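Chain letters run A, B, ... following the sequence lines, proteins first, then strands; residues in each count from 1. Since we're looking at a predicted model, the values are computed, not measured.
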Amino acid sequence: MWQATEFQNKVIAYYRQHGRKHLPWQGTKDPYQIWLSEIMLQQTQVTTVIPYYESFLNKFPTINHLAKASSDEVMHLWSGLGYYSRARNLHKAAKMVAETYDGKFPQTQEAIETLPGVGRSTAGAIAAFAFDQPSAILDGNVKRVLARCYGIEGWAGKSSVLKTLWQRAEENTPNHHTAEYNQAMMDLGAVVCTRSKPKCEQCPLSEHCYALKHDTITQLPGKKPKKARPKRSVYWLIYLENQQVVLHKRPPSGIWGGLWCFPEIDQSEQAPADAQKLSSFVHKFSHYDLEVQPLLVKKLPNTGIMEPNEFDSFALNFLQKNTQQKTAEIGLPTPVSKVLDSLS
DNA sequence: TAGCCGTGGAG
DNA sequence: TCTCCAAGGCT
C-alpha cells in the first residue's frame, strides 16, 4: 500500500519528466483563462476544445469582455462544442464576477464553487491552477487512476463509490506543488492509464497498482450498470388463405425497415376476434426487447397501420418447397422465417 | 438519485 | 454500425 507522500512524489516526478506542459491554457495563472478551459474541458476532449478555446479567448480576452457580451455572441462562439448549458452558465458567472466581485475572480475553492457551472472538481482545479491552493480534483482521469491503483470497485455514479474516490483524492493531494500534482494525475489518466490498453510500463504507480497486480484493469473503473432494456409487445397477425400467408412491407425507417413482415399491431390495441394464439417469443434488439405474440386470424382488420393503401402486401406460398429460396429473395426478418417454418 | 445534456473519437 | 464514454454539473 502507498504512503501518501511516496504516491505524491512519484506522480509529481512523472509530471516533471513526461507531463503535458504546452496546452493553450497552461503557462498562465489568469483565473479567467483557467476557468474557461476547465468549463470547456468538461466531458470534452482536449483536441476538440483547443480551437474553441482560442477563438473564445480572442473574442473575449477578459472576464469583463465576456460579461458585457450578448448572449447571442457567447452562444455563437460555443456552437458545435455541445452541452450548451455550460455556455449559459459561463456567461451568467461572468456577469456575477463582474458585479458582485467587481470583476475580480473569487480566490477560494468555496467561493469559486458558487459560480454556476462550477462543481467541486472544477472549483478544485481552478483553485489549484490559478491560486496554488491545495485543492483536490476528481475528473474522469483521476477516477480511473485511483480506482485501478486502489482497487476501488463499482460505478463512480454511485454515491458510495464517489465518496470513496473523493476520499482517496483528498488524502493523496499534496499541500505543495498541488498544481503540478493535479495536472500529473490528469496526464496519467489521459496518456498512460487509459481506458483500454493502458501503458502500465510507463506508469510511475505500477509498482503498487492493485488492478495491475490482480489483473483487473479491464474491470476498473466499474461501468455504469446497464438498465434492463424496455420491452415492447406486439401481435403478429397470421392470415392464411389458400395455402398462402399475407405479409406487409415495413416502412423504410425503423426496425426491419423495408423488410417483409407479418402485419403487426401493438398489444395495447384490441386483438382481432377469433384469433388463435400461437407460441410467443422474445426477440432481442440492442435497445429493447420485442415480445411477439403470433395470432392465427381468420380475417385481417383494415384499420390503422393495417391500411392496405399504406403498405404493400405480399402473398407468400409458404407451404411450397421453395419457401426458403423465396424468403431469401424478399428479405424477411429471422423471426418471421421461424414462424413460417413452424407453420409448415 | 437518476436522467439529462452534445459532439466526436476509439474500438 | 454501434457502443462506450470523454478535463461534470444541474435538477
(Q) Using a heavy-atom cut-off of 4.0 Å across all strands, would you classify A/Val118 as base, sugar-phosphate, or nothing? (A) sugar-phosphate
Q. Is the shortest heavy-atom distance from the side chain of A/Val161 to the side chain of A/Trp166 under 4.5 Å?
A. no
Q) When we call it a touch if two heavy atoms are under 4.0 Å apart, what does A/Ser159 touch: a base, just sugar-phosphate, or nothing? A) sugar-phosphate
**Q.** Backbone N/O of A/Ala190 and side chain of A/Thr194: donor-acceptor pair under 3.5 Å
**A.** no
Q: For B/dG3 versus C/dC4, give the span between their P atoms, rounded off to a whole number of Å.
A: 15 Å
**Q.** Closest-nucleotide ordering on DNA chain C, the 5'-leading residue of A/Arg195 and A/Arg86
**A.** A/Arg195
Q: Return the set of residues passing side chain to side chain donor-acceptor pair (under 3.5 Å) with A/Asn9 (not counting sequence neighbours), or none when no residue passes.
A: none
Q) Which part of the nucleic acid, if any, lies within contact of A/Lys223, taking any heavy atom under 4.0 Å across all strands shown: a base, the sugar-phosphate backbone alone, or nothing? A) sugar-phosphate
Q) Between atom CD in A/Glu38 and atom C1' in C/dG9, what is the gap in whole Å? A) 14 Å
Q. Can you name the residues that form a side chain to side chain donor-acceptor pair (under 3.5 Å) with A/Gln167, not counting sequence neighbours?
A. none
**Q.** Short side-chain N/O contact to C/dA6 OP1/OP2 from A/Arg144, under 4.0 Å
**A.** yes
Q: Determine the contact category for A/Ile39: base if any of its heavy atoms lies under 4.0 Å from a base atom, sugar-phosphate if only primed atoms, P, OP1 or OP2 are that close, otherwise nothing.
A: nothing
Q: Tell me which of A/Tyr83 and A/Gln45 sits closer to the 5' end of DNA chain B, going by the nucleotide each one is nearest to.
A: A/Tyr83
